[in-house]
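Reading through the structure tokens given below for one structure.
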Amino acid sequence: MDNLNLMTLQKGQTMVNDAAMDAFAAGFRGNLLTSKDTDYNEARAIWNAMIDRRPGLIARCAGAADVVRAVRFARDNNLLVSVRGGGHGIAGNAVCEGGVVIDLSPMKSVRVDPEIRRARIEPGATLGDIDKETLAFGLVLPTGINSTTGIAGLTLGGGFGWLTRKFGLTLDNLVSVDVVTADGELVKASETERPDLFWALRGGGGNFGVVTSFEFQLNPLHSEVLAGLVVHPFADAEKVLQEYRRALDEAPDELTCWVVMRQAPPLPFLPAEWHGKEIVVLAMCYCGDIAAGEKATARLRAIGKPIADVVGPVPFTGWQQAFDPLLTPGARNYWKSQDFVSLSDAAIDVLLNAVGKLPGPECEIFIGHVGGAAGRIPTEATAFPQRSSHFVMNVHARWRETGMDARCIGWARELFEATKPHAVGTAYINFMPEDETDRVEMAYGANYARLAEIKLRYDPNNLFRMNQNVKPMAVRAA
């Protein structure tokens, strides 16, 4: 705390004086970090190693009262604000340069009420934290595919994964939130209280405030699912993808199957001669009766002549962590994403051509299989717009050396441009990198105008702008 007396925060050409800093620190229950603190560098590091920003202050909040104080302090002193949950976002908006990071990562509480099948979750909790608590009661929240992802950013941007087709997006299971708005007030938003704000928070990202608590409806799930990988040689990729597409036309909601195309990592069940060679992986999960799952996955598993088939009954918590080793922090990452209603032959040709040009051993293309329950919700029901998309492509460039930046980023951008004619134009904002600010309005499509009006109502000065930003503006009269 003593360091704060010596600290200055940039706000244009002026500085925050010591008196204002002392007043803020005096009532703050969590920890305040500056560059003088030994754990400052660790606290400002996030998942994407391409992001290297030095905030003036990191406010590690212990609870909602700390968040209120931090928002008011930043607002009153005209400071740049970023909000950190899990720090997993590709764009790196969890950390700002020279301003205040409102760090929610210490707020990790997960409280389950099994009687009413609901959970109250703080914004610093990860998906792994949540799974451990909910599955102890035979309940689950549909989330993403990486257990170290934070719940806050995932939910506010959408949230899809292995259970989306059965139970909807993460945000579709949201009942209410406690949120600190730009005027520094802690309010509740739900279908009946501030329904306009609740609508915007379900897909509008971090534009509308700092959520200090999420209330979710949970869903019943057995501890085991039928899940695993079927690995094919890349030489068979065209046939595999065409058969995959056809097999999914009649897939039940319980079945989700994603495609990953990359160079094979040294997985223990793959013969050594395949390590480092291009492969096509069908990653599938059936979240119902195991015997029914064997029947539902049979057509997918009968495609071609796979190198390996390791699909079987597994604990869902284990399956949720299966991809964690490939997504550890510390690497440089750049993503480009598209939404597809279908995988046309022309789109498949573009994807296969790109796999032939992979710029590094950690670069990959994955196709997420969505739709199902999530696709049956009207586009206008929440801010999240892409309900008609059956597939989500993420071009995942990942590498270690700065000398590979241009090659890896260029590869991702080239593939993104080549897939445009086959995509619907919307985008999953959680997959959008920091240089796609010009794509935000198109990403939200018909929902953007309403988002902009709600932004004007709750954050007219755009305090919360470290995000895929929606500009505050009034809706023009027809």
Side-chain angles (χ1 to χ4, degrees), residues 117-119 121 127 139-145 151-177 189-205 207-208 211 214-221 248-258 285 287-288 337-342 367-393 423-432 440-451 453-454 468 470:
R117 293 181 176 176
R118 288 193 178 178
I121 301 173
L127 309 191
L139 300 170
V140 74
L141 176 67
T143 57
I145 67 166
I151 190 60
L154 180 91
T155 302
L156 297 175
F160 72 90
W162 304 116
L163 305 180
T164 298
R165 289 175 47 78
K166 178 63 176 176
F167 300 123
L169 300 168
T170 308
L171 62 81
D172 295 331
N173 292 266
L174 191 61
V175 176
S176 71
V177 295
S190 67
E191 291 282 9
T192 57
E193 300 176 76
R194 297 176 183 82
D196 58 338
L197 179 59
F198 189 57
W199 179 90
L201 287 167
R202 287 175 292 164
N207 276 285
F208 303 94
V211 176
F214 296 86
E215 182 187 12
F216 289 104
Q217 187 68 50
L218 302 177
N219 305 275
L221 185 76
L248 294 185
D249 284 342
E250 299 178 359
D253 289 353
E254 290 82 1
L255 176 60
T256 296
C257 185
W258 291 19
C285 176
C287 61
S337 179
Q338 296 278 23
D339 293 332
F340 301 106
V341 172
S342 63
I367 306 294
H369 174 213
V370 286
R376 290 190 284 272
I377 293 177
T379 298
E380 66 276 8
T382 66
F384 186 89
Q386 52 268 34
R387 297 292 183 170
S388 63
S389 302
H390 198 50
F391 300 99
V392 179
M393 175 193 75
V424 295
T426 56
Y428 184 50
I429 64 164
N430 287 345
F431 286 171
M432 291 167 59
V440 174
E441 184 169 352
M442 182 179 291
Y444 283 111
N447 287 342
Y448 185 82
R450 185 179 177 190
L451 281 168
E453 183 183 29
I454 296 171
Q468 297 299 347
V470 174

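Computed from heavy atoms alone, side chains included, the values below leave out hydrogens, waters and symmetry copies.
- Within the 4.5 Å cutoff, the side chain of Ser388 has no heavy atoms near those of the Thr379 side chain.
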message: Between Phe340 and His390, is the side-chain contact (heavy atoms from CB on, under 4.5 Å) condition met? List the steps.
response: CA-CA 6 Å; Phe340 301 106; His390 198 50; over 6 Å; no
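- Remark: the backbone N or O of Ala443 is not paired with any side-chain donor or acceptor of Thr426 at under 3.5 angstrom.
- When side chains are defined from C-beta on, Asp172 counts as touching Ile377, because their heavy atoms get closer than 4.5 Å.
- Put simply, CZ on Arg202 and CZ on Phe384 are 13.0 Å apart, with the number rounded to the nearest 0.5 Å.
- The closest donor-acceptor contact from the side chain of Asn447 to the backbone of Thr382 lies under 3.5 Å.
- Distance check: Asp249 CG to Ser342 OG gives 9.5 Å after rounding to the nearest 0.5 Å.
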Residue pair Met432, Val440: steps toward the side-chain contact (heavy atoms from CB on, under 4.5 Å) verdict: CA-CA 9 Å; Met432 291 167 59; Val440 174; 4.2 Å; yes
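- For Gln217 against Leu141, the heavy-atom pair with the smallest separation is O-CD1, 4.0 Å.
- Of all non-hydrogen atoms in Thr170 and Pro142, the two that sit nearest each other are OG1-O, 2.7 Å.
- Taking a cutoff of 4.0 Å between a charged side-chain nitrogen and a carboxylate oxygen, Arg387 and Glu380 do not qualify as a salt bridge.
- Of the possible polar contacts, none joining the Glu441 side chain to the Tyr448 backbone as a donor-acceptor pair under 3.5 Å is found.
- In this structure, Leu201 and Val177 have side chains that are in contact, with non-hydrogen atoms separated by less than 4.5 Å.
- Under the 4.5 Å side-chain criterion, counting only non-hydrogen atoms from C-beta, Glu191 is in contact with Phe198.
- The line from NZ of Lys166 to CG of Leu255 is 12.0 Å long, rounded to the nearest 0.5 Å.
- Side-chain N or O atoms of Tyr444 include none that pairs as donor or acceptor with a backbone N or O of Ala449 at under 3.5 Å.
- At a threshold of 4.5 Å between non-hydrogen side-chain atoms, the residues Ile151 and Leu127 count as touching.
- Using a distance-only test at 3.5 Å, with no hydrogens or angles considered, a donor-acceptor pair links the side chain of Asn207 to the main chain of Gln468.
- To the nearest 0.5 angstrom, Met393 atom CE is 6.5 Å from Ser337 atom OG.
- Of all non-hydrogen atoms in Met442 and Gly425, the two that sit nearest each other are CG-O, 3.3 Å.
- A 4.5 Å side-chain heavy-atom check between Leu174 and Phe214 finds at least one atom pair inside the cut-off.
- Under a 3.5 Å cut-off, the side chain of Asn173 and the backbone N or O of Phe167 do form a donor-acceptor pair.
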message: Would Arg117 and Asn219 count as a side-chain contact (heavy atoms from CB on, under 4.5 Å) here? Give the steps.
response: CA-CA 7 Å; Arg117 293 181 176 176; Asn219 305 275; over 6 Å; no
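- Between Arg165 and Glu254 there is no salt bridge, since none of the side-chain N atoms of the basic residue sits less than 4.0 Å from a carboxylate O of the acidic one.
- A salt bridge is defined here as a Lys NZ or Arg NE, NH1 or NH2 lying under 4.0 Å from an Asp or Glu carboxylate O, and Arg376 with Asp253 meets this definition.
- Side-chain contact check for Arg118 versus Phe216: every heavy-atom pair is 4.5 Å or farther apart.
- A centroid separation of 6.0 Å or more is found between the aromatic rings of Phe208 and Trp199.
- When every heavy atom of Gly168 is checked against every heavy atom of Ala373, the shortest pair comes out as N-CB, 3.8 Å.
- Using a 4.5 Å heavy-atom threshold, the side chains of Val392 and Phe431 count as touching.
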- prompt: Yes or no on side chain to side chain donor-acceptor pair (under 3.5 Å) for Glu215 and Ser176, after CA distance, side-chain angles and deciding distance?
  reply: CA-CA 5 Å; Glu215 182 187 12; Ser176 71; 2.5 Å; yes
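- Ring pair Tyr428/Phe160: centre-to-centre distance below 6.0 Å.
- Nearest approach of Gly204 to Leu451, heavy atoms of both residues: CA-CD2, 4.2 Å.
- Although no hydrogens or angles enter the test, the distance criterion places a donor-acceptor pair under 3.5 Å between the side chain of Ser190 and the main chain of Thr192.
- The backbone N or O of Ala152 sits nowhere less than 3.5 Å from a side-chain atom of Thr155 that would complete a donor-acceptor pair.
- When all heavy atoms of Cys287 and Leu163 are compared, the pair lying nearest together is CB-CD2, 3.5 Å.
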